[in-house]
Each structure stands twice: as C-alpha cells, then as structure tokens.
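Below you'll find the structure, written out as structure tokens, and then a few comments.
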Amino acid sequence: ALSDRLNEAFRRITSRGVITESDVRQAMRQVRRALLEADVNFKVVRDFVAGVNEKAVGEKVLRSIDPGKQVIKIVHDEMVNLLGGETVPLEQKGAAPLVYVLVGLQGSGKTTTAAKLARWLSDNRAKRVLLAACDLQRPGAVRQLETLASGAGAGFFGPGSAGGDPLEVLTGAVSEARLKSYDVVVADTAGRLHVDEELMQELERICTVAAPAETLLVLDGLSGQDAVSVAVEFKERIDLTGAVITKMDGDSRGGAALSLRAVTGLPIKFIGTGEKPDGLEPMDPRRLAGRILG
Amino acid sequence: IFGDGGIGEDQLAEAEEVLLGSDLGWELTDRILEELPRRVRRTDDSWREVLAGILMENVPVPPPVREDVEKPRITMVIGVNGAGKTTTVARLAARAVGEGSRVLLACADTFRAAAADQLETWGKRLDVPVLVQLHGADAGAVAFDAVTRGVVKGYDEVLIDTAGRLPNKKGLLDELKKIHMVSGKAMPSAPHRVLLVLDGTVGQNAYSQAEQFMTAVPVTGLVVTKLDGTAKGGAVLAMAGKLGIPVEYIGVGEGPEDLVDFDLAAFVRALLS
Ligand SMILES: Nc1nc2c(ncn2[C@@H]2O[C@H](COP(=O)(O)OP(=O)(O)OP(=O)(O)O)[C@@H](O)[C@H]2O)c(=O)[nH]1
Ligand SMILES: Nc1nc2c(ncn2[C@@H]2O[C@H](COP(=O)(O)OP(=O)(O)OP(=O)(O)O)[C@@H](O)[C@H]2O)c(=O)[nH]1
Ligand SMILES: [Mg+2]
Ligand SMILES: [Mg+2]
C-alpha cells in the first residue's frame, strides 16, 4: 500500500535526521507509481503529484517525526478535493417527465445501470420511472432492458413491432411518460466508440432532441489510461452532465474515475457495485479516494 | 549525455507518453526507457524502430498452441462482465462455419437478463444451433448437455459461452470450476480450449483478472477485444508476456468477421502508433 511505501521511503531518509525538499521529491516517485498502478491517467498523475509536492515541501512535513503519515494525508485530501468534495445530486428541476440519457462505450454497463437508476429513483426519491430502450443495435438489448425493468419496478417502452430508430423510441417514451404520469424517462443507448463518427452523430441528434436533464457517461471501472480520451471526446460532442463508474465491486483500483473528474470536471454521480438492481450507490469522495490509494 | 546518434529529452518524453498511455504500466515503461538511449546510439535505426524492438523483447508472449485435438473441439469462453465473450463466441462460430465446420453454441450464461436471446440471435444470423438452459438447469448442466450433444451428433466445434463475472467473487469462480469439470465428464479431454476474454480498455486489473481466473480453470489463451477503439491493450500484452499466456485473437468490431489472429509485431506497431 502507498502508506507502507511512503513510510519505507521516509524511513531511509529520516534515519539521516533531516528531510530536504529533494527527499520529498523522491517520496513523490512512490506516489506517482501508486497512482499509475491504480490506473490514474499519467498526465493527471503528473499534475496531481506536482500539486502534492508543492504542499508536501511545507514545514509540516519537513519538521514532522512521521513525514510519511503527513504526505499520505496531503495525498488523500487532495484526492478528495479533486473528486469533488461531496456528492453532486441528480438534476431534479424541470417539468415531468425529466429525461436522463445513459451513454458510453460498448459493455460499460449502461443497460444494467439504466435499470439500477430506475430502481434507485424509485426507492430513494419516490419517482415513477419509465425505461426507454433506445439501443436497437445490439442483439437482445431491448429484451435485456425489458427483463430488467420489472426487477427495477419501472415501466418499459421499446421499439414495438414497428421497429423504428432510437430517436423515435425516445420521443415515443416521453409521450407515454406524459400520458401515464411517469416522473422520469431513463434512456438506454447503444454502446459506441467515441471515434465512430456515424454513431457519435446519432448520439448528438438524440441528445439534441431529448434535451435531457442529465446525460450520464457510463464508464467501466476496470478501464485504464484511455478512459480520459473517451470522456473528453464524448464531452466535446454532447452535453455530458455527469458520470457513473461501474463494476467497482471488482478489485480494480478505479483510477479512471479520478482521471475523468480531473480532466473533464464531470461530477461522478454514482458507483456501480454489482449486477443486481440494487447495485448502485451515490459516489462518496472519501471512500473512492481511499480505494484509489489502495 | 546522449551524444550524437542518441535520443533527445523530447523524444524520450514522447516515448514515455506512448508507453504509459498504452497501459503498459510504469515498471515496463521504466525498463524500456532505460534501455532505449544506449540501444539507439548503437544503431542507425530510428528511435521508434528501436523502441518497437525493445518492447517486443520485453513482452515474451508465447505463440498460440495449434495442435490437432479430437472432435468435437470444446472451447469455453470466460471473462469479466461486458468484456466481449458472447460476441467473441459469435465471431469464433462465424470463422468455423466459414471453414466448413459444424458448430454448436451453448449459452451457459444462466444469469444475465436476455443472455440466451443474445446468443440465439447470433445463432440465427449464422445459421448455427444454440443450446440454452432448460427450466432452472444450471450452467454446468448446459455445458454438460452441449458437450454430450457435440459428441453424439458429431459436431466439429462446441463453443460454450459463460456469464461475465468479477473474479474476486469466489463463488463465481467455483461455478467456472464446475463448468470445466462437467465438460470433462461429458468428454474426457474437454474443454480443449479455455479462452479468457479481456476488454482492450482494461488497465492494470488485467493481471488480477488472469491470475484469479487461473486459480479456477486452466486458461489456454487470451482474446483482447475492442481494439478498434483508441485503447492499445498494453496491460494485456504486458500481462501475457509476464504470465506466459498466448494471445489467440483480437476483436476489432462488433460484426461476425471482426476477429483477427493475434500477431505480436502488428500489435506492437499499433500500440506505438
Ligand atoms: N459486477 C458488476 N457487473 C456489472 C455492473 N454494471 C454492469 N455490470 C455487468 O456488466 C455487463 C455489461 O453490462 P451491460 O449493462 O449489458 O452493458 P452495456 O453498456 O449496456 O453494454 P452494450 O449495450 O453492449 O454497450 C453485464 O454482465 C452486467 O451485468 C457492476 O456495477 N458490477
Ligand atoms: N467495438 C467493439 N465492440 C465490441 C467488440 N467485442 C465486443 N464488443 C461489444 O461489446 C459489448 C459487450 O459484448 P458482449 O459480447 O455482450 O460481452 P460479454 O462479455 O458477453 O458480456 P456479459 O455476458 O454481460 O458479461 C457489445 O456491445 C459488443 O458488441 C470489439 O472487438 N469491438
Ligand atoms: Mg446495453
Ligand atoms: Mg455475454
């Protein structure tokens, strides 16, 4: 763990009796390595470590009898700050039905998260949610969402026998929601690469028409360095309002979450913690920081 | 320091960016960067060519085992949630059909919503039969039935799709052990291949995935998917080199033809580009 590494780094230094700024810079190498191992993007690591280094060459560390502990505290606090200090809630303002759209790469967990979000809104905000199946591409996607809808206590709106396209399904779902007094429409979309021009244009069209209250990037918590380019590109093309980091019930450190936040400023609203409909929790910056630091 | 014919600070920085950014990890990156300046000095090649050479030496990925096995060849496909297993099964089936083989697919994912629907849709598209769970049968039973059917009906290939799972969940690893074991009960040499599918966007967790899955079943090869995106799959490459596991295929899209044989030189070239 980082604390052990820092204690070891400082132990060798403090045995000489005095800590210098150059010693602190050496300790920063351990911080850098720990963050890279945690999948934090290397550019974010560079900036983050520079920021920590600046704070760490203060009197508190240089004069401390336990400099390792001081540095860990600085790293932890800096990370909590960077993650946004506190949880940013979902946008609730606007006439019903509010529209939330989920977007992201293939397999990141959008369809499952859509159902989980519906369940969370129902359990925690007493909202009636209609799930809209706007992924008409992936084999079995519509059926998958339909099956998940019942476990989430949500309504379901799909393409029906007419087929159609994602935009038609979304506008149809909004009409249905108005008719049947749903509070929120949560739209699942097809997984797509940020470099797939045609699909990104389709997404731009969907988001323009839907005018969503929330457009959430669903990001796989097992992702590495590339998460940043994905987030930047999606944010450039559509008006993302937040992110959900999934599969955090695994043992990945989840550094992609920090990178996403640091580079795009997007608030991470939820963390996916399992496959079942209750596997969704609001992001807690202190817990997430602790996990990334290992 | 670097003298003439060497490599400058800017180029070293650029090399570091491409190596770290590809998910190779800091240890492998540092090792390669340490080697780079003196190797560049010793040759007329460009620093990029030298870099490719050093990287290839440092990721000793063994070649896939291509031995003849008895028919039907049984392949079990495993991996974490959303990695691309089901789509890989479809792509493997398409290949086999293209080679004139008789293929049977088995949906041993008895957990995820509409998993059977997804595989059945592929089965229809490829005109290949799909065995799915009957009335509460478990994943092991599906695998057993599929292997038995494969033997009895004389199929050339049986591809077993399994549910995605995070391998830190020991109960889920036990299910994999069971699937592996019952396949062997239906046919002693089965399964002939156990392919671990990894998402090309995966970070350092690739090591933990391989290590943990291997405590449950003997992984014979890796598949790296979604390399048609911008992720380079460096973590899988580094892991495969370190653990000595062959990489069999890479996934480059969502269609039935989008599976390519792994080639180390091509992979490294793409990674460094
Ligand atoms: N363990 C775990 N599994 C998850 C989580 N979120 C999603 N999954 C699983 O990840 C896999 C992929 O989830 P999907 O919801 O199908 O992903 P998707 O983004 O809709 O995929 P595409 O539509 O193909 O792009 C499924 O097996 C889900 O059950 C999570 O937080 N934890
Ligand atoms: N772009 C791209 N997408 C891929 C590739 N391989 C799979 N996918 C997509 O990734 C998503 C997940 O693929 P699946 O085959 O359902 O993944 P899985 O491992 O079976 O998922 P679970 O069964 O839920 O664990 C789907 O949308 C696939 O179309 C690939 O090589 N490139
Ligand atoms: Mg989906
Ligand atoms: Mg699957």
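Lettering follows sequence order; numbering is per chain, from 1.
Within the 4.5 Å cutoff, the side chain of A:Leu222 has heavy atoms near those of the B:Leu166 side chain. Inter-residue side-chain proximity for A:Gln144 and B:Arg112 is flagged as met; some heavy-atom pair is nearer than 4.5 Å. The shortest distance between side-chain heavy atoms of B:Val80 and A:Lys247 does not fall below 4.5 Å.
Note that the CG atom of B:Asn81 and the CG atom of A:Asp249 stand 7.5 Å from one another [nearest 0.5 Å]. For the atom pair A:Thr147 OG1 and B:Asp117 CG, the distance stands at 7.0 Å (nearest 0.5 Å).
Smallest separation of non-hydrogen atoms from A:Pro139 and B:Trp122: CG-NE1, 3.7 Å. Looking at every heavy atom in both residues, A:Val195 comes nearest to B:Gly229 through CG2-CA, 4.5 Å. Scanning both residues, A:Asp251 and B:Gln212, for their nearest heavy atoms gives OD2-NE2, 2.8 Å. Pairing each heavy atom of A:Gly140 with each of B:Ala114, the nearest pair is O-CB, 3.8 Å. Closest approach of B:Thr230 to A:Ser229, counting heavy atoms only: OG1-OG, 3.9 Å.
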| request: Could you walk me through whether B:Glu17 and A:Arg46 pass salt bridge (Lys or Arg N to Asp or Glu O under 4.0 Å), step by step? | output: CA-CA 11 Å; B:Glu17 294 220 342; A:Arg46 191 176 299 163; 3.6 Å; yes

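There is no contact between A:Asn41 and chain B, counting heavy-atom distances below 4.5 Å. Only the side chain of A:Leu105 comes within contact range of chain B, with at least one heavy atom under 4.5 Å from a heavy atom of that chain. Of the two parts of A:Arg138, only the side chain, counted from C-beta on, holds a non-hydrogen atom closer than 4.5 Å to a non-hydrogen atom of chain B. Contacts of B:Glu27 with chain A are absent, with no heavy-atom separation under 4.5 Å from either backbone or side chain. For A:Ser223, the parts sitting under 4.5 Å from any heavy atom of chain B are the backbone and the side chain alike. Heavy atoms closer than 4.5 Å to chain A are found nowhere in B:Ala235, neither backbone nor side chain. Only the side chain of B:Ser208 comes within less than 4.5 Å of a heavy atom in chain A; its backbone stays farther off. Of the atoms belonging to B:Asp30, it is side-chain heavy atoms, and not backbone ones, that fall under 4.5 Å from chain A. Interface remark: A:Arg29 contributes no atoms to any contact with chain B (heavy atom separation under 4.5 Å).
Salt bridge annotation for B:Glu16-A:Lys43: absent, with no cationic side-chain nitrogen under 4.0 angstrom from a carboxylate oxygen. Using a 4.0 Å cut-off between charged nitrogen and carboxylate oxygen, B:Lys169 and A:Glu275 do not count as a salt-bridge pair.
Residue B:Lys177 places its NZ atom among more than 12 non-hydrogen atoms of other residues, nucleotides or ligands, all under 6.0 Å distant. Residue-environment remark: CZ (B:Arg125) exceeds the threshold of 12 foreign heavy atoms within 6.0 Å.
Per-residue heavy-atom pair counts under 4.5 Å with chain A were compared for B:Thr201, B:Asp23, B:Thr121, and the maximum is reached by B:Asp23. In terms of non-hydrogen atom pairs under 4.5 Å with chain A, the most contact-rich of B:Ala206, B:Ala113, B:Gly84 is B:Ala113.
The closest donor-acceptor contact from the side chain of A:Asp39 to the backbone of B:Gln204 lies under 3.5 Å. Side-chain atoms of A:Asp226 do not come within 3.5 Å of backbone N or O of B:Lys232 as any donor-acceptor pair.
By the salt bridge (Lys or Arg N to Asp or Glu O under 4.0 Å) test, B:Glu14 is found to be paired with B:Arg48, residues two or more places apart in sequence or in another chain being considered.
The salt bridge (charged side-chain N to carboxylate O under 4.0 Å, His left out) pairs that include a residue from residues 147-159 of chain A number zero, where partners must be two or more places apart or lie in different chains.
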